Number of protein chains: 2
Amino acid sequence: MTDLPRYLQLLWGREPAGRRGPRPGRTIHEIGAAAVAIADENGLEAVSMKSVATAVGFTTMSLYRYVDSKDELYAVMLDVAYGPPDLRFRPESAWRERLTAWARRITERRLAHPWIVEVPLAAPPLSPSMIAWMECGLAALDDTPLTSQQRLSAMLAIDGWGQNHVRQTIQMGLSGEIDPDSPQGAYLQLIGQLVEADRFPHLASAGPEALDGDEAAFFEEEFAYGLGLLLDGIAALIARQS
Amino acid sequence: MTDLPRYLQLLWGREPAGRRGPRPGRTIHEIGAAAVAIADENGLEAVSMKSVATAVGFTTMSLYRYVDSKDELYAVMLDVAYGPPDLRFRPESAWRERLTAWARRITERRLAHPWIVEVPLAAPPLSPSMIAWMECGLAALDDTPLTSQQRLSAMLAIDGWGQNHVRQTIQMGLSGEIDPDSPQGAYLQLIGQLVEADRFPHLASAGPEALDGDEAAFFEEEFAYGLGLLLDGIAALIARQS
DNA sequence: CCGTTACTGCGTAGAGGACAAGCAGTTGAG
DNA sequence: CTCAACTGCTTGTCCTCTACGCAGTAACGG
């Protein structure tokens with residue numbers, strides 16, 4: 001019986017009944033929200049113990065009453081930033097429609113807080129919201145003949161791919177936000193400079209083509225395409241299995 | 001015409017012909033190799049400017065002659081750790097076989113240096129090895145009727161999923177390496193503690209089942225399963241397109 | 001052949017980060 | 001009431017990345 005780290009007890013509301021000392025001045029959710037606000041405004045690297053503490057009206061060290069390390073603070077931030085899934089599946093809906101809705105919803109959350117995809121994590125988060133999202137994703141596959149483990153893997157595959165898609169798009173400067181310092185397409189320009197057509201024929205032909213369309217639409221197109229790949233794969237598996 | 005950052009010039013061997021001062025005492029590859037060795041032995045967090053510098057016989061600040069920031073050092077580390085792809089496709093091989101081989105090979109590299117998947121990167125790396133791996137992955141799709149952009153997306157989807165699979169497996173302590181500090185399955189034990197069957201029925205049934213089999217085989221099974229999903233998706237797309 | 005010049009690696013030093021440890025005040029339990 | 005637990009605060013340590021100025025070296029231009 002491993003006992004839970006403090007921040008998880010707090011997040012799940014599992015506090016022992018008899019409390020002795022003074023009431024805590026803040027909740028972890030307030031702390032998490034403050035950290036999220038800082039990250040939203042000034043980026044993840046602006047989140048330090050000090051900055052978060054002063055934001056909630058604490059000194060640096062007081063934060064450690066709620067969170068044992070910065071990694072745990074990150075976990076709390078993720079829980080607050082994702083929030084609980086607001087998603088109800090109509091009972092007559094099929095798995096493909098459900099899973100699509102789920103993937104889009106969780107991707108919206110990531111795009112709303114782009115730093116999410118660059119949070120360094122030592123372990124998959126066990127916070128309430130994250131667990132709820134997982135549960136929700138599994139529920140989307142309810143009407144399939146897949147085993148529990150197959151459903152889990154399928155969901156994790158979609159989730160992992162989606163997270164990576166958001167990250168890559170942001171990294172290449174193609175996410176909605178325009179950064180005046182690095183002009184859009186600068187990255188692809190660099191590629192063009194390095195990738196001589198004779199040594200890397202495939203990349204050379206794919207590079208410019210990728211930039212052809214509208215950049216705002218780029219994310220959406222690629223998202224739909226990649227998700228389609230995954231879903232078709234799941235469909236093939238289901239067809240083989242039933 | 002954006003000009004390249006120094007570390008990229010060095011990695012690609014693009015130095016101006018006429019060099020004035022004394023020859024550099026080390027190459028970036030030596031520096032990268034030293035950093036990789038440190039990360040392999042003591043983890044990524046042990047890689048600091050100081051530790052790498054002393055490893056190659058420099059003082060801390062001398063490293064900045066080769067690399068302008070730590071992020072660039074990370075990029076060099078990735079280039080060295082992945083290395084160039086040692087992969088030749090037989091001309092008669094089909095795309096599915098090729099892509100499978102490619103995915104396995106690049107995953108091997110990641111498992112050989114598990115810290116790879118937790119390197120924080122601001123942009124997709126443009127180093128020679130990385131570019132070569134991309135090119136190689138695209139070449140695997142040579143005999144398909146897909147457009148260049150579709151091939152690129154398909155490859156990135158597989159790559160992104162694979163990277164995430166490695167990361168998640170390591171995070172849950174299920175990668176080959178046994179860490180005596182955190183007993184295997186501790187993570188899943190925690191899940192079991194939090195996920196009450198009534199609130200999260202799907203997760204509750206998937207959790208224990210996932211741990212049933214041999215842990216060493218877990219990675220391989222899941223890898224094959226997820227890769228199969230992606231490949232089936234690509235196959236479906238090809239079938240629809242031809 | 002000799003200055004000039006670009007380039008090398010080194011030493012100092014500073015700002016900011018995550019925490020460890022000990023302290024005074026507050027609240028509930030016995 | 002008394003005690004013990006719990007609060008948030010203060011102080012201080014160690015480590016990180018990196019800006020800046022330095023002395024020596026090797027090639028280039030004359």
Side-chain angles (χ1 to χ4, degrees), chain A residues 3 5-7 9-10 14-28 30-31 34-35 38-39 42-77 115 118-122, chain B residues 3 5-7 9-10 13-31 34-35 38-39 42-77 115 118-122:
Chain A
D3 50 319
R6 177 164 29 183
Y7 81 103
Q9 288 186 11
L10 293 173
R14 294 258 188 102
E15 304 185 53
R19 300 192 40 73
R20 237 3 125 79
R23 286 297 162 80
R26 303 278 179 278
T27 64
I28 342 174
E30 290 179 275
I31 292 176
I38 293 175
N42 301 90
L44 188 63
E45 80 281 355
V47 174
S48 74
M49 289 304 194
K50 184 179 175 185
S51 63
V52 175
T54 52
V56 297
F58 274 173
T59 61
T60 309
M61 290 312 291
S62 299
L63 267 195
Y64 285 91
R65 297 280 124 174
Y66 297 79
V67 159
D68 278 334
S69 72
K70 195 176 183 185
D71 276 341
E72 294 190 359
L73 176 64
Y74 282 145
V76 176
M77 288 177 66
W115 47 265
E118 49 183 88
V119 171
L121 271 195
Chain B
D3 51 321
R6 177 165 27 183
Y7 80 104
Q9 289 185 10
L10 292 174
R14 293 259 189 100
E15 304 186 52
R19 301 192 39 71
R20 251 338 140 83
R23 287 296 162 78
R26 303 277 180 278
T27 65
I28 343 172
H29 292 276
E30 291 179 274
I31 292 176
I38 293 176
N42 302 90
L44 189 63
E45 80 280 354
V47 174
S48 74
M49 288 304 196
K50 184 180 175 185
S51 63
V52 175
T54 53
V56 298
F58 275 173
T59 62
T60 308
M61 289 314 290
S62 299
L63 266 195
Y64 286 91
R65 296 280 128 180
Y66 298 79
V67 160
D68 278 334
S69 72
K70 195 175 182 184
D71 275 341
E72 293 191 358
L73 175 65
Y74 282 146
V76 176
M77 287 177 67
W115 48 265
E118 50 183 88
V119 171
L121 269 195

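The structure presented is a predicted model; accordingly, all values stated were derived computationally and were not measured. Below, chains carry the letters A, B, ... as their sequence lines are ordered, and counting in each starts from 1.
Put simply, the side chain of B:Phe58 does not reach to within 4.5 Å of the side chain of B:Arg65, judged on heavy atoms.
Residues from residues 53-64 of chain A lying near DNA chain C, meaning a heavy-atom separation below 4.0 Å, are A:Met61, A:Tyr64 in numerical order. Sorted by residue number, the members of residues 65-73 of chain B with any non-hydrogen atom under 4.0 Å from DNA chain C read B:Arg65, B:Tyr66.
Distance CZ (A:Arg6) to C1' (D:dA5): 13 Å, rounded to an integer number of Å. Distance, B:Glu45 CD to C:dA18 P: 16 Å, rounded to whole Å. A straight line from OH of B:Tyr74 to C1' of D:dT18 spans 15 Å, rounded to a whole angstrom. Put simply, CZ on A:Arg23 is 18 Å from P on D:dA5, counting in whole angstrom units.
The residue among B:Ser48 and B:Pro22 whose nearest nucleotide of DNA chain D lies closer to the 5′ end is B:Ser48.
B:Ala35 and B:Met77 get closest at one heavy-atom pair: CB-CG, 3.5 Å. Across all non-hydrogen atoms, the minimal contact from A:Tyr7 to A:Ala75 is CE1-CB, 3.6 Å. What you find for B:Ala46 and B:Ser51 is that their closest heavy atoms are O-OG, 3.0 Å. When all heavy atoms of B:Pro120 and B:Leu44 are compared, the closest pair comes out as CD-CD2, 4.3 Å. When all heavy atoms are compared, the tightest approach of B:Tyr64 to B:Ser69 is CE2-CA, 4.3 Å.
Going from atom CE of B:Met49 over to atom CG of B:Leu73 covers 5.5 Å, rounded to the nearest 0.5 Å. Between the CD1 atom of B:Ile28 and the CG atom of B:Leu63 there is a distance of 11.5 Å, given to the nearest 0.5 Å.
Residue B:Met49 has its side chain nearest to D:dT18 when only D:dT18, C:dG17, C:dG28 are considered. With D:dA5, C:dG17, D:dC17 as the candidates, the nucleotide lying closest to the side chain of A:Arg20 is D:dA5.
Although no hydrogens or angles enter the test, the distance criterion places a donor-acceptor pair under 3.5 Å between the side chain of A:Glu30 and the main chain of A:Thr27.
Cation-pi geometry between A:Arg26 and A:Tyr66 is not satisfied (NZ or CZ under 6.0 Å from the ring centre, within 45° of the ring normal).
Summarising the local packing, NZ of B:Lys50 is surrounded by 12 or fewer heavy atoms from other residues, nucleotides or ligands at distances under 6.0 Å.
Axis angle between the ends of the helix from C:dC1-D:dG30 to C:dG30-D:dC1, five pairs each and rounded to 10 degrees, works out to 10°.
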